[in-house]
Structures are given as structure tokens and as C-alpha cells.
Amino acid sequence: MKNLLAFLNPDQLQAVTHRGSPLLVLAGAGTGKTRVVTVRIAHLLDRGECQPQEILAITFTNKAAGEMRERVNGLLGGEEVRGTAARIWIHTFHAFCARLLRREIHHLPEREREFVIATKADQTAILKRLIGPDRANEEPKASRVLSVISRAKNNLITPGSFPAHTSEEKRIKELFAAYEQELRETGALDYADLILLTVTLFHEYPDILDRYRGRFRHLLVDEYQDTNTAQHDLVRMLAGDGRNLCLVGDPDQSIYRWRGAEPENMLRFSEEFPDTRVVKLLENYRSTGNILKVANTLIAANPRPMGEDKDLWTKGESGAKLTVYAGPDEYDESGWIATQIFNSVHNRRENKYEDFAILYRTNAQSRILEDALRKRSIPYNIIADVRFYDRREIRDLLAYLRLLINPNDLLSFRRIVNVPSRGVGKISVNRILDEVDKDPGHLPDVVRRCIDQELIPPRARRAVERLMDLFDELTTRGGGVDGLLEELLERIDYTSWLQKSNDAVSRLENVEKFTDTARDFATANPKGSLEDFLEEVSLAAPIDDFDEQAGSVSLLTLHAAKGLEFPVVFISGLEEGLIPLTGRRGKRQADIEEERRLLYVGITRAQYKVYLTRALRRNLEGRKVYNKPSRFLSELPDPLLEDLSMRNLSIMSTTEDLIAVETETKKIKQTAKSVSFQLGDRVWHDKWGRGIILSRAGDGPNLKLTVKFARHGIKKLVAKYANLQKM
DNA sequence: CTTTCGCATATTTTT
DNA sequence: TATGCGAAAG
């Protein structure tokens, strides 16, 4: 057995070995916090303080969970303990609760044993339907309602206790209630439910809580700054007196407030458990001194809830300055980034492609970057820009699979009853849904009754009947998830239906990817059920399938970059409006602070070199916008930055200058256009209105036109001054 | 019932 | 730009 503690600094050592009271580890970026968690687990086992199955470790993503399992095994070494990590519960909050609820949810009144997890897309779909199309303009938008509802649920608020003073709040309250009912009827749980119901269960049934408390003697939670109140309550319940609790996090890296995260939970913890030991990790092992100085300066502009003495430091070298670059537009910016990478790899041979990461604020920014890399044949690896499982084709297949588990899933039924189109129209579907409304019993029974009582036209009737038969057959079918999916695809002839759609190629690719996922799952979990598969799929994060592929540049959002590190990091789009991202009604101070943390997270991903790039002009929603440099750039210490922007841009890099240039160009273009007037062209003049060109004389700027105007007769004009427009 | 077209509309991050 | 939705045509 290795000496687990040999390479730890005194602070880390304390965090690993402290016992007997709650432990709060405030670990800055790159200070080895994951290492502390894994070594702590290994240490517990090594010293025989508990059995593997008595440990519960909560991570932020499935990917982090997988890595932690591997690392624990790696630390424990030796044959006899290999596989030990498999018996430790290492999960995300959601995966943990989903597993627990699968066993225990039947204790709760009126809850089905089988449930599916409603993804974001499902949730939005429900709300959109509840709001209705006719009111779409005046009502609060579905996405906003959803975020209000999720926030409420995360704070353990029910539709009953939802405070409604304004008329909008009253409307949301209604929608909230209807949304909850819909979820319940379809046997679905949303993300908040997974936590909420677990908390409720523990609250209502103390004996169940006791059972789990007894079982998990050691509880560790990583990335605690991004937990919400419901999760915090869950931890408090499971932790009991908190003696064996270890929380790790960094309030400066809290970037999920918008999703309900409450970094204050960390502060509150020391009050709730007064004997909490707080350990701060500030020695950074990742980045150069200059990178840390810049990051420290940036984050110092935020209030520091955990105290002022939180600057990261390193024994290592200062390293290179950070490089700033501004290009005329996003094509230039992307091209410049790609060129830096290309030169570094090919000409200077300093780095390999996998050393680079390009970070951006919004997924939409990735396309131009991809183009630039592809142009130079630079291999890259990107985290899906649209959530893969939100793709229409994937959601269709998921709907089929869900119906196999929960035939009452009305949402899924509605989705696929006529997909692929099998001749069941709106009218037939509504007829069936009406029946379900009247008698919300077992969905297949109701559907069968519609068929038997000939409530729908013959063609549709036969189609629905065949669909129901298909479900019966597939439900009784044994075998793995992969086989099931393949049979399903064949039986509904899904691929040939997709052939006909617009972007058949990418859709078919997605279906291919999905069957691959199923196959991988079946290989990894030979005994895995369809429920297990759907659970994994619903709780997957885009980052989970992201392996830092050998030989590829990584493209990802700043959010997705959390927890990762790269030798060289480019952060693209350092512009007001993008970083910080501001919507139409602007941002409040608290939002700006979160944006600042986001940039802080981005900068601290880098080991040796950071590039901060921006574009003076950028296409946004089909429009050109001129963004000022990000306010965060001016917060950074100048001596630690070098500006490689082209000289002419540095000279006239104000937005006003650029607009002036644009306007001039436009004028020139207009003049050029007027030169191209031909005989017979129909034109428009601001004063004389419609006209037609009769003759032309002269060239270029001297071009003279004879125009016959509809209302004002024949005029001779000098094209340059006339400002004629073609009609 | 299915397909296609045109119009409107736009926050972003994701368990 | 790109997407999605609803109405009209097929």
C-alpha cells in the first residue's frame, strides 16, 4: 500500500485526516481539492475506519463520479482492493436520489413505483401547452415560468404555499399547480422532484432516514457552492450530527445561481454546525504566478463571503503574460486563435493539439471557431452545442422507451402516436385524449377502448392498434437495452422515415450515436434494465461523454470547463454583452458578479498560458453588433497583459470609430451600386418617386442618367448625387 | 392526413 | 442566423 499522505501539504493533510466534527474545505481553483476528497476516501478505507459501502460521495457530474471511482482505485492500488470503488456510492445528487427513490418511492402516497425523469425539454413542453398558443404574447414565457417554478421547488415551496400577490404571480401559481398535476399524471419527476421527494420521504418517514443514516457513515460532497437549498437540506438530514461530513467547495467558483444554487449554504453550514472545522486550501498547483495574479485581481472586485485572505498563490514561476487580442470581427478572432494553435504545434513545436482549450460564453459561438479550425485541418473535440438528448429524433425514441416502462406516460404517447406518421391525425389524437380526460385510468386500456368503440376513423384505428400491439410485444421482450432499441427502430421503420426529413444526414447520425450509447450501456451494465438506461440518459451532462481526446483541441463553454484544466486556454468573446452576457433588460449587480466568477473559472483552468480575445464587430441574430471591450478586461492588471491586436485596430479601436468606418463603406457601396444602373431599370427617387431609366452618359462618378418619373416627367440627374435606388 | 412554406422571434449557462 | 410554429397547399 502506498503512503497515501506523502505528497500532501499541511492543509491538505488536515482535510484528509480530520475526524470527529463536520469539515468544510474551502478549496480555491487548482489547489487539489479532488485529490483531497479521493485521498480522504482512500484513507478511511486504508485505516479500516469503515467499509466501502458505508461511504457516500456526491459529485457534480457523472463524469466527475467516474473519475473519482478510478482515482480511489488507483490510490488503493493492490489486487485485493481493486474494484473497491465500485462499492462506494459515488454519484451526483440526482443520480443518488433517483436510485434511492426507485427503492423507496412507493412509501409516499399516490406515487407510482415506476417513474421517468422529465428533462428540461419535457418540462418546457408541458408548460408551453398549459400556457396555450393564443396567449403566448401576453403571458410570462414558458422558460421564465419554468425557472420560477424550479426555484420554488428547490426552496421546498409547493403550489399551495407559493406566494402570489401580483396578477402575474397568481397566473404562475396556477401554472405551477397544473404543471405538478401533469407531471404526476404522466408518472414523471423533474430534476427538483428527485431531491424534493427524497427530502419529503426522509421527513415523513424517520425510520427510512435512520436506515440510510446508519448505512452511510461517511458523507462527502464536492462542489458544494453549487448546491441548492433542497440539496443542502438533504445533506443535513443524512449527516445527522455531522460528525462524519466533509464538504468541499469554492464560493468564488459558484456559477449556477441561475439554476437555484445557493453558495450561502456553505456559510450557513458553520452556523448550523458550530463545531465545524474549516480548512482553506490556497496553494495552487496548476497555474503560473501571473495567471493567478490576474485571476486574484479579477475576483477581488466581488464581495468575498469567505473572507479577504483568499488569494491563490504558487511556489512556481510567474510564467508568460496573458495575451489580449481584438480582431475586426468574429471570423478574424477565430482565425487568429486557430493560427496561434497551428503555429505553436507546427512551427514552434511547443504544444500538442490536446493542450489547447477554447472557451466561450454561449454555444452559438462555437460554429465560427469550428470553421476556423477545420480550415486549417486542426482536429477538435466539442461538447455538444445543443443538448444531444433534446434532439427531436432522440426524444422520439426516448418517448417509445419510456412508454415501455410507464404506459401511462401521456406526454410520450402524444409525442409518438403519429411518429413516424402512420395516418393518425390531430382529430384522432384529440379524440383519444378526450377519452383519457374523461377516464384517467390505464392509458392502454383507454386507447383500446377507443379502437373497440370505433371512436376514430378506420385507417387511424388500424394504425393505433398496431402500435399498441407493438408495445405489448416489446414489453414482454427480454434481453438487453441495445437489442430492444434495434428492434424498435426496425419495427417502426424509423430510419427510412428520417430519410425523408430535411437534415436526414445529421438526424441519422444522431440515431446512430444513440444506438451506440445503448450498446455501450449494455456492455458496461450487462444486468442493466431499461429504467437504468433511461435514468442514465436523463441525468447525463454533455460533459459526461467528453474525453479529452488525444490529439484534439477542446471546444467548450465556460460552464462546461468547470473542474477541468488545460495547458493553454483561449477565452473568446471578451465583450460587453457577451462576457458579461447581458440580456435586453440588462443585468443586475448580482448577475455581473456571477459573470465575473465565470471568467475567473475560465482563467484558472489554464496551466501556462491564457489568451483573452474579442471581436469589434460580431454577427448576432443575423444583425451586426458593435460590442465594447468587456469591463472585466479593464479590471485586469495592465502590466501582466500584452496586447497583440493589429496596430490599426489599436489606433482606432473605439466603437465610434468603427461605426464611422462602416458608414463610409456603406456610402461607397451605394455609389458603386448607382453606377451599375442600366437602361430600363426601375428606380426610386426620394423627391420624385418612381421612375425608369431612359438613357445614360458618362462613366463612374460622372455618370449622368435620364429618368422618366411617373409623376414628374423626364429629368436629367447626376447619379452620384441623385441617390437613386433600384426597385 | 401530410408536407411545405412563410413568418415571427430571439438569453445564456445545464443537473 | 436558425429555429419553430401555424396555416395553407398537396
Side-chain angles (χ1 to χ4, degrees), chain A residues 58-65 91-98 117-121 123-125 128 133-134 136-137 141 143-144 146-147 150 154 189-195 223 226-228 230-231 254-261 330 359-365 367-368 383-390 392 418-429 456-457 459-460 463 497 500-503 535 538-544 556-562 573 577-587 591 594-595 597-598 601-602 618-625:
Chain A
I58 305 281
T59 57
F60 192 68
T61 61
N62 293 309
K63 182 173 186 257
H91 292 296
T92 62
F93 270 111
H94 292 94
F96 168 71
C97 290
I117 298 165
T119 62
K120 175 71 182 286
Q123 299 163 28
T124 317
K128 272 196 182 152
D134 38 319
N137 289 329
K141 302 269 185 251
S143 56
R144 212 179 72 74
L146 187 58
S147 83
S150 318
N154 287 333
L189 303 185
D190 65 12
Y191 294 116
D193 282 331
L194 291 172
I195 316 292
E223 307 283 13
D226 284 322
T227 58
N228 61 40
Q231 290 164 338
S254 156
I255 53 176
Y256 284 94
R257 254 213 147 82
W258 53 272
R259 210 172 68 186
E330 73 267 42
L359 312 184
Y360 36 82
R361 180 62 233 267
T362 67
N363 282 309
Q365 288 168 251
R367 243 202 53 212
I368 311 295
I383 297 189
D385 53 342
V386 180
R387 249 190 82 100
F388 176 70
Y389 294 108
D390 280 354
R392 185 178 304 160
N418 197 33
V419 172
S421 36
R422 48 169 72 86
V424 187
K426 224 189 228 162
I427 296 170
S428 305
V429 176
I456 44 180
R459 214 178 111 163
W497 183 70
K500 287 183 283 184
S501 72
N502 296 357
D503 18 49
E535 178 192 301
S538 310
L539 297 179
I543 185 113
D544 292 338
L556 58 168
T557 62
L558 287 161
H559 281 89
K562 176 161 121 166
L578 210 48
I579 303 175
L581 186 70
T582 48
R584 53 192 38 175
R585 58 184 90 166
K587 287 237 163 179
D591 300 320
E594 177 135 331
E595 297 284 323
R597 288 194 291 271
L598 195 52
V601 168
R618 187 180 289 275
N619 290 304
L620 207 70
E621 289 172 7
R623 247 149 231 271
K624 282 190 179 113
V625 291

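What you see below is based on every heavy atom in this structure, not just the backbone, and it leaves out hydrogens, waters and symmetry mates. Each chain gets a letter, A, B and so on, in the order the sequences are listed, and its residues count up from 1.
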Practice item. Return the value, rounded to whole Å, for the distance between atom CZ of A:Arg597 and atom P of B:dT13. Key: 18 Å
Study note, to complete from the structure: Whole-Å distance, A:Leu598 CG to B:dT14 P, equals 10 Å
Exercise for review: Compare every heavy atom of A:Ala118 with every heavy atom of A:Gln123, then report the nearest pair and how far apart it is.
Suggested key: NE2-O, 2.8 Å
Practice item. Assign A:Phe93 to base, sugar-phosphate, or nothing according to its heavy-atom contacts below 4.0 angstrom with the strands shown. Key: nothing
Review point. CD1/A:Ile117 to CG/A:Leu539 distance, rounded to the nearest 0.5 angstrom?
Key: 4.0 Å
Check your understanding: Step by step, would you call A:Tyr360 with A:Thr557 a side chain to side chain contact (heavy atoms under 4.5 Å, CB included)?
Key -> CA-CA 5 Å; A:Tyr360 36 82; A:Thr557 62; 3.8 Å; yes
Exercise for review: Starting at atom NZ of A:Lys128, determine the distance to atom C1' of C:dG6, rounded to an integer number of angstrom.
Suggested key: 13 Å
Check your understanding: How is A:Ser428 classified with respect to the nucleic acid when contacts are heavy atoms under 4.0 Å: base, sugar-phosphate, or nothing?
Key -> sugar-phosphate
Check your understanding: Taking only residues two or more places apart in sequence, or in another chain, which ones meet A:Arg422 in a side-chain contact (heavy atoms from CB on, under 4.5 Å)?
Key -> A:Tyr400, A:Asn418, A:Pro420, A:Val424, A:Ala463, A:Leu467, A:Ile492
**Study point:** Pairwise 5' ranking along DNA chain C for A:Lys426 and A:Arg392, keeping only the more 5' one
**Key:** A:Arg392
Can you name the atoms? Protein N/O to nucleotides 2-5 of chain B N/O, anything below 3.5 Å, with the distance.
| unit_1 | atom_1 | unit_2 | atom_2 | d |
| --- | --- | --- | --- | --- |
| B:dT2 | OP1 | A:Gly423 | N | 2.7 |
| B:dT2 | OP2 | A:Asn418 | ND2 | 3.0 |

**Study point:** Heavy-atom check, side chain of A:His559 versus side chain of A:Arg259, under 4.5 Å
**Key:** no
Exercise for review: Using heavy atoms to find the nearest nucleotide of DNA chain B for A:Pro457 and A:Ala560 separately, return the residue whose nucleotide is more 5′.
Suggested key: A:Pro457
Practice item. Using only side-chain N and O atoms of A:Asn363, determine if any of them is under 4.0 Å from OP1 or OP2 of B:dT12. Key: no
Practice item. Identify, with sequence neighbours excluded, every residue that meets side chain to side chain donor-acceptor pair (under 3.5 Å) alongside A:Arg618. Key: A:Glu333, A:Glu575
Point to revise | Protein-nucleotide distance (A:Arg144, atom CZ; B:dA10, atom P), rounded to Å | key: 14 Å
Review point. Do A:Asn154 and A:Ile195 come within less than 4.5 Å of each other through their side chains, counting heavy atoms only?
Key: no
Practice item. Ignoring hydrogens and angles, answer whether the base of B:dT13 and the side-chain atoms of A:Arg361 contain a donor-acceptor pair closer than 3.5 Å. Key: yes
Review point. Could you state the OH-P distance from A:Tyr360 to B:dT12, rounded to the nearest angstrom?
Key: 15 Å
Exercise for review: Rounded to the nearest angstrom, tell me the gap between atom CG in A:Leu620 and atom C1' in C:dA2.
Suggested key: 13 Å
Exercise for review: Round to the nearest Å and state the distance from A:Asp226 atom CG to B:dT13 atom P.
Suggested key: 16 Å
Point to revise | Whole-angstrom distance between B:dT12 and C:dC5, as gauged at atom C1' | key: 23 Å
Point to revise | Among B:dT14, B:dA10, B:dT13, the nucleotide that comes nearest once only the side chain of A:Glu621 is considered | key: B:dA10
Practice item. Please tell me which of the listed nucleotides, B:dT14, C:dC5, B:dT11, lies nearest to the side chain of A:His559? Key: B:dT14
Point to revise | A:Tyr256 and A:Phe60 aromatic ring geometry - parallel, tilted or perpendicular at 30°/60° bounds | key: tilted
Point to revise | Atom-to-atom span, OH of A:Tyr256 to C1' of B:dT11 - whole angstrom | key: 16 Å
Review point. Using the rule for Phe, Tyr, His and the six-membered ring of Trp, do A:Trp258 and B:dT13 stack at under 5.5 Å and under 30°?
Key: yes
Check your understanding: Distance between the C1' atoms of B:dT11 and C:dG6, in whole angstroms?
Key -> 24 Å
